[in-house]
Asks: 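First the structure, then my questions, so here it is.
The chains referred to below are lettered A, B, ... by the order of the sequence lines, with proteins before strands, and numbering in each begins at 1.
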Amino acid sequence: MDFSHTAERISQKITSHGHPVEKSGIEAKLRRLVDEFGVPPAEAERTVLNELAREFGLPVSQGGGSGGAVEQKSLAALANGEWVTVECKVVALTASPSPAIAQTGIVADESAAVRFVVWSRANAPHLDEGKWYRFESAVVDEYRGMLNLKVHSGTTIREVSHEGSLRPKITPVAGLAPGVACVRGKVVQEWEATHDRILQSGMIADESGAVRFVLWKEEGLERLNPGRVYTIYYATVDDFNGRLSLTLNTATVVPEEGDIDVNTGSESFQGAFVHLAPGSGLVRRCPVEGCNRVLSRQNYCPVHEIQSRYHYDLRIKGWLDNGEETREILVSRAQTEGLVGMSLDQARELAENNPLGMDEVFLRFREALVGRYLLCRGRQIDNRLLVSTCEILHYQPEQLADLLNRAGGSL
Amino acid sequence: MTNGTGKGMAGRRDGVFEREPARRVFAQELKESRVHFKEGQDEKSPSYILLPTGARCNRVFFAGTLTEKKKQGEQNMFYRARVVDPTGTFFVMAGSYQPEAMQQVARLEPPCFVAVVGKPNVYQTPDGAVLISIRCESITQVDKDIRDQWVLDCAKATLDRIETSAGTPDGERARKEYNIDPGLFRKMVYEALAQLKI
């Protein structure tokens, strides 16, 4: 058996790290392993290579240079559990969340983008943003519904040159799925931060739909301007309890000129109001700037703890039901006052002069609302309708004639 | 799930609470119901009754006239109430497990129009008769306008069920279990509507 090719390959790998080695010595070691000890050639190659690598203090390389060749794939074709070879560009690097992880970020090719993780133990070369690399024998796995490319000690990485520029594919908001995506949309809403670590959260919408976004606090990141259109390259799309959310920390966010027609998810729902949920009626809100959460009975804010200088608000939380489907509705003060026929001041007065306090307002709300037919319009997020306009429906005699015809039609 | 782009919609709804809709059923149709079943093995799985017009029903919403209420029991006090629609009577119960509904019933003075949300239960008496009662979640006093809207709403829903349930699994099951001529329910709807003023 001829070991000169294999020896040449090993020699080159070691020499490329600046340690010239004798080919003949390598060849002898290979021959001994294969001929004397019956080691398969690929395994012999690996053994010799690792032995030399250790000798010179080089990162330990992986399974037989030529032996474990895996098919090169496009990123769009990756599937959970596969060992793959891919050529792609590092389009984003993010702060490593743990010492076990050397680098993490997003790689992309013409077909798709995925998150990648380089384990510290992989001893992989440092990757630079904007460069193309060939990853041999990386592993694809799935975490929270999104695919990840894992670089471990068995992966070889080599920088490659790439012709032409990468043209990222923009995904319509309605077509998002967990993973990594590029979106062009307008910031249509900005929400009060619900967590200390959140820099900004809100909604981004395009012609097809709307999705929430979150920007975690991180050095050098800036908030987006509400009303502005942005092209967002390589955001992470997370699935959180069945709701999608864009995390922009990985993304390159480019402000755009002009405006787009957004689909703000305007929806209407008509039905009977069948349940008034706790937290409706007169509520106290946290006074901390940007918080505004509803306080518990003991004036406790889940984030800012006990607050004695709250402000009052009126709202309705409850369920509309048309007999086939249900929709949770959330009605803010202006609409609530009209529906219930009670102003915020009247509600406060009622609460102050009544032994039941704020509960009395809740009970009045319930008597006024449950059983009523309502038509609500607003923005729908998942199964919840944030109501912008709401009207009480009334008996319509013309429907009676139609229904009588329908019922009597085939008697 | 092997491909990032192949995420089905099935997983999307995980974790999102979906409330069981409240069916619109006339008293006469509800009275004919006797098949009840549970979906899933879980203790918390919803239970349903099968309506003769071919739909599963975990909850009902109706508006009618409260004609009578009666306090019963000593230690486990509960209210029994009768609510009448154009086709018959609903038997409504509110016990100590529904303290809010019980307080609502306590404040009502029959006769008055009420809107009721509740869950239907099937009981069998010792002599084999089947009774349906409604365990009340909420009962509020309403006006005639709402009662009349409900009659239209319920008429439409009942006609929809009669016309669309054929071929659906629940529709086929109802046809087999009850074997009632749908024309009967059509007539019921017509007569209920005829009591309203044009």
Asks: Examine whether an atom of Asp143(B) lies under 4.5 Å from a heavy atom of chain A, and if so say whether it belongs to the side chain, the backbone or both; otherwise answer neither.
Replies: side chain

Asks: Is Asp359(A) salt-bridged to Arg297(A), going by a charged N under 4.0 Å from an acidic O?
Replies: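 Yes, this pair counts.
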
Asks: What part of Ala63(B) gets within 4.5 angstrom of chain A, counting heavy atoms only: side chain, backbone, both, or neither?
Replies: neither

Asks: Is Arg366(A) in contact with chain B via its backbone, its side chain, both, or neither, using a 4.5 Å heavy-atom distance?
Replies: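 When you check distances to chain B, atoms from both the backbone and side chain of Arg366(A) fall under 4.5 Å.
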
Asks: Heavy-atom distances under 4.5 Å only: say whether Gln396(A) touches chain B with side chain, backbone, both or neither.
Replies: backbone

Asks: At a 4.5 Å cut-off on heavy atoms, which part of Glu324(A) comes close to chain B: side chain, backbone, both, or neither?
Replies: both

Asks: What part of Leu393(A) lies closer than 4.5 angstrom to a heavy atom of chain B: side chain, backbone, both or neither?
Replies: both

Asks: Give me the contact list for residues 88-113 of chain B versus chain A, heavy atoms only, anything under 4.5 Å, ordered by residue number.
Replies: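 Under the 4.5 Å heavy-atom cut-off, Glu100(B), Gln104(B), Arg107(B) qualify.
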
Asks: Out of Asp145(B), Val60(B), Val189(B), Val114(B), which one racks up the most heavy-atom pairs below 4.5 Å with chain A?
Replies: Asp145(B)

Asks: Measure from NZ or CZ of Arg173(B) to the centre of the six-membered ring of Phe37(B) and say whether it is under 6.0 Å with the direction within 45° of the ring axis.
Replies: yes

Asks: What about Tyr395(A) and Trp150(B), are their ring centers closer than 6.0 Å?
Replies: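 Centroid separation for Tyr395(A) and Trp150(B): 6.0 Å or greater.
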
Asks: Mind checking what makes side-chain contact (heavy atoms from CB on, under 4.5 Å) contact with Lys169(A), not counting sequence neighbours?
Replies: none

